[in-house]
Protein chains: 4
Amino acid sequence: MGATLRQYSLHGYHGATMKNIANEVGIKPASIYYFYDNKEELFISAFQQLLDNHQQEMERIFSESQGEEIARIFISMIRGLVNHHKINTGETVAYISLVNSPIPEIKTYLQEHLVNFNNWMYQSFEELLKDNYPSITTTAINAIIQQYVLLANGVFWSINLYEGEAFEQQVKIAEHFIQNLFNELNNTCKVLS
Amino acid sequence: MGATLRQYSLHGYHGATMKNIANEVGIKPASIYYFYDNKEELFISAFQQLLDNHQQEMERIFSESQGEEIARIFISMIRGLVNHHKINTGETVAYISLVNSPIPEIKTYLQEHLVNFNNWMYQSFEELLKDNYPSITTTAINAIIQQYVLLANGVFWSINLYEGEAFEQQVKIAEHFIQNLFNELNNTCKVLS
Amino acid sequence: MGATLRQYSLHGYHGATMKNIANEVGIKPASIYYFYDNKEELFISAFQQLLDNHQQEMERIFSESQGEEIARIFISMIRGLVNHHKINTGETVAYISLVNSPIPEIKTYLQEHLVNFNNWMYQSFEELLKDNYPSITTTAINAIIQQYVLLANGVFWSINLYEGEAFEQQVKIAEHFIQNLFNELNNTCKVLS
Amino acid sequence: MGATLRQYSLHGYHGATMKNIANEVGIKPASIYYFYDNKEELFISAFQQLLDNHQQEMERIFSESQGEEIARIFISMIRGLVNHHKINTGETVAYISLVNSPIPEIKTYLQEHLVNFNNWMYQSFEELLKDNYPSITTTAINAIIQQYVLLANGVFWSINLYEGEAFEQQVKIAEHFIQNLFNELNNTCKVLS
DNA sequence: GATGAATGAGCTTTCATTCAT
DNA sequence: TATGAATGAAAGCTCATTCAT
């Protein structure tokens, strides 16, 4: 539920009241209890949806960029991340706050999600890299993915700190790093072959 | 006040009760009101102290690393950032949450802090770079700083997501990026001279 | 709400607690907030009702005494005032305290009420006097009304100070003054005609 | 203590806080407890002083007006009452509120005061009337005093309701009534002698 | 499905009061 | 005399939740 995430992102778990959430939806607080047993369940449901959305969005971006040149694929992932979070600002804030959620069940669910997301990402990127560079080593694969992750995290956190041109610069720098990464990789491979 | 930040990082603004904060300090809730007019003032005071600490810590790390080789200085800044946040976990969580604080006064104070921090960083780094590379252009200075910022943000956000070896890898990658950055810069300069 | 006025008359605004008011009604304090936003609104509502009751009661007494001899009408007004306040003792005390209410909104509302009440009284009495004494001057009308008001105020304040026979004496004296007033008026008119 | 009465007249007993009273005097709340055991004692003391002041003031006015013509003496009493209450507005409001004081001890003290005041007034006026009209009956004395009391109460309560010219009119009407009273009395006596 | 009415629990805050200094 | 610091008690109020309708 969007209202739940919005209120959560604005005021935190304890500050997001059933009343305000209900108001935003245009119903009365008592009505929420027809759909959810209690506040915690409402939030768990909203958070799961948030994480699922995020996962699906990342997968969509990945599959849509298939066929492009490999460096472009990684860059598209960054761009997709940025666009998704720029459009759904509320969700992004909620996503960030989740890290410090006071609901234990949510914390463990987030951990699971991160593990799953990482697994998917590693597998997808591994396959992709092996297709493009058949003789690539596992060590090199890990190095590339970890570099991508660092840059993606840098961009992600920048969403909260910068706006407009300043933020755009950060994204461009991340893209530049990625491009360099693959240029080097291509050179190395050429030498080897 | 540490208790305030700890409770805030654990439960958010509305979840951090005066009772729990007082308990953690070993006084009664009513006693807090002898020193602070209300909850909001208590938190504003705690947050200001948090941000001031952070600023001072960064300045300390910077000045202590003076004299080292330039690439090492930037790397030391990353290391210092990491160490500071690994030691004061509670403060870090609080720092992250501040971005979405429901108190307007805090939001504006955070904005001011970020502006000041950026100014200080740009000036310090600019001077440093000019000392090391007298013929460096403003464009180059900005590019370097922005790259550093992206990497620092990537490391910072990673604090929340990874632990142990996985996190250590991220830091090493950031250091690697920085080292590369200055290697290139040195090569460019050598060619020019 | 009677309980609100009763508690107010007994303990004043700050001494009338939501708990006691709720107890008197047989509900829990929290329930009051379903109907009123806060304490102040509850009291404003109660006070408005009090003043409206008072106004209506005076109008009722006035219209019921129509048809009597003019002196009797004024005397009936005094009697009606006394009866009303003797029956609703709590309300009377509340009415008196209103003059010094610590709620600014109530003070202004009371001012408005007094102005309205005065207007109604002047118009009603003016019409009445003109009907009975067609050649009466405005000056004379005002003089009569003001004398009535002084006596009514004297009786009203006496409610708080005297009881039983002592109070009854005060009322009789007021009636006597009024009777005298109209005897004189009748004599003056007879001479003129 | 003026501050106590002022705060009481503004906010009532429960609304007059030790803090505000102390602030008005320029000391700290804790310091009040050096002079008074608790809030109730402070107020009892203040109220006693208020009533004593009132009594003394009335006696002073009475003795100062001795020697004047008898009607003038009664009129002076009304004027004195008005002046005293117009000057010490705070005290007047406090005086009115006392009638509904939530402190039982104060209520009984006020009763005593009223009895004493009435006794003094009756004795003084009785003596005065007997001096001026040696053959006056007790019934007549009582009638005159009660009429005076009704008018004085009317004027007193008007203090709270009217201002400026409107109030001045009420006082003049009271004076007029008194003058009439004694004119009649003088005529009756002349006829008898 | 939805809600008006009610409430227990708990929150922030105030207040009278205490006591060592 | 005066007060800084502390606190138990209670105030006004909010909130998640319930339940009959």
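Below, read A as the first sequence line, B as the second, and so on, with proteins coming before strands; counting in each chain starts at 1.
- As a whole-Å value, the separation of E41(C) CD from dG12(F) P is 15 Å.
- As a whole-Å value, the separation of F43(B) CZ from dC11(E) P is 13 Å.
- The CG-P distance, from N38(A) to dT17(F), rounds to 5 Å in whole Å.
- Side-chain atoms of Y109(B) and I44(B), non-hydrogen and from C-beta on, never get closer than 4.5 Å to each other.
- In this structure, E40(B) and E40(D) both approach DNA chain E, and ranking their closest nucleotides by distance from the 5' end singles out E40(B).
- Among dT1(F), dA2(F), dT7(F), the nucleotide with an atom closest to any side-chain atom of S31(B) is dT7(F).
- Rounded to an integer number of Å, the gap from I21(D) CD1 to dT17(E) P is 11 Å.
- Pairing partner, dA20(F): dT3(E), with both Watson-Crick or wobble hydrogen-bond distances short of 3.5 Å.
- Listed nucleotides: dG1(E), dT13(E), dC11(E). Nearest to the side chain of T17(B): dC11(E).
- Shown here, dC11(E) forms a base pair with dG12(F); the pair counts as Watson-Crick or G-U wobble because both key distances fall under 3.5 Å.
- dC15(E) atom P lies 13 Å from atom CG of D37(B), rounded to whole Å.
- Comparing atom distances between the K28(C) side chain and each of dG8(F), dA2(E), dT7(E) picks out dT7(E) as nearest.
- For Y34(D), taking side-chain heavy atoms from C-beta onward, the closest of the listed nucleotides dG12(F), dT1(F), dG8(E) is dT1(F).
- For the side chain to side chain contact (heavy atoms under 4.5 Å, CB included) test with E59(C), the passing option among E57(C), Q55(C), Q56(C) is Q55(C); the others fail.
- Of the candidates dC11(E), dG4(E), dT14(E), dC11(E) carries the atom nearest the K19(B) side chain, counting heavy atoms from C-beta on.
- Mapped onto DNA chain F by nearest heavy atom, K39(A) and I27(D) fall at different nucleotides, with I27(D) at the one closer to the 5' end.
- Aromatic ring pairs are classed by plane angle as parallel below 30°, tilted from 30° to 60° and perpendicular above 60°; the pair H85(D) and H54(D) is tilted.
- Classified by interplanar angle (parallel below 30°, tilted 30° to 60°, perpendicular above 60°), the ring pair F43(B)/Y13(B) is perpendicular.
- Set against dA6(E), dT1(F), dG1(E), the side chain of F35(D) has dT1(F) as its closest nucleotide.
- Taking atom CE of M18(B) as the reference point, atom P of dT14(E) lies 10 Å away to the nearest angstrom.
- Residue A16(C) is classed as a sugar-phosphate contact, given heavy-atom separations below 4.0 Å to backbone atoms only.
- When the P atom of dC19(F) is taken as reference, atom CD1 of I32(A) falls 18 Å away, rounded to whole Å.
- Note on ring orientation: taking the six-membered ring where Trp is involved, the planes of W157(D) and F156(C) are tilted (angle from 30° to 60°).
- Nearest nucleotide to the Y33(D) side chain, out of dA5(E), dT18(E), dT7(F): dT18(E).
- Atom C1' of nucleotide dG10(E) and atom NE2 of H14(A) are separated by 12 Å, given to the nearest angstrom.
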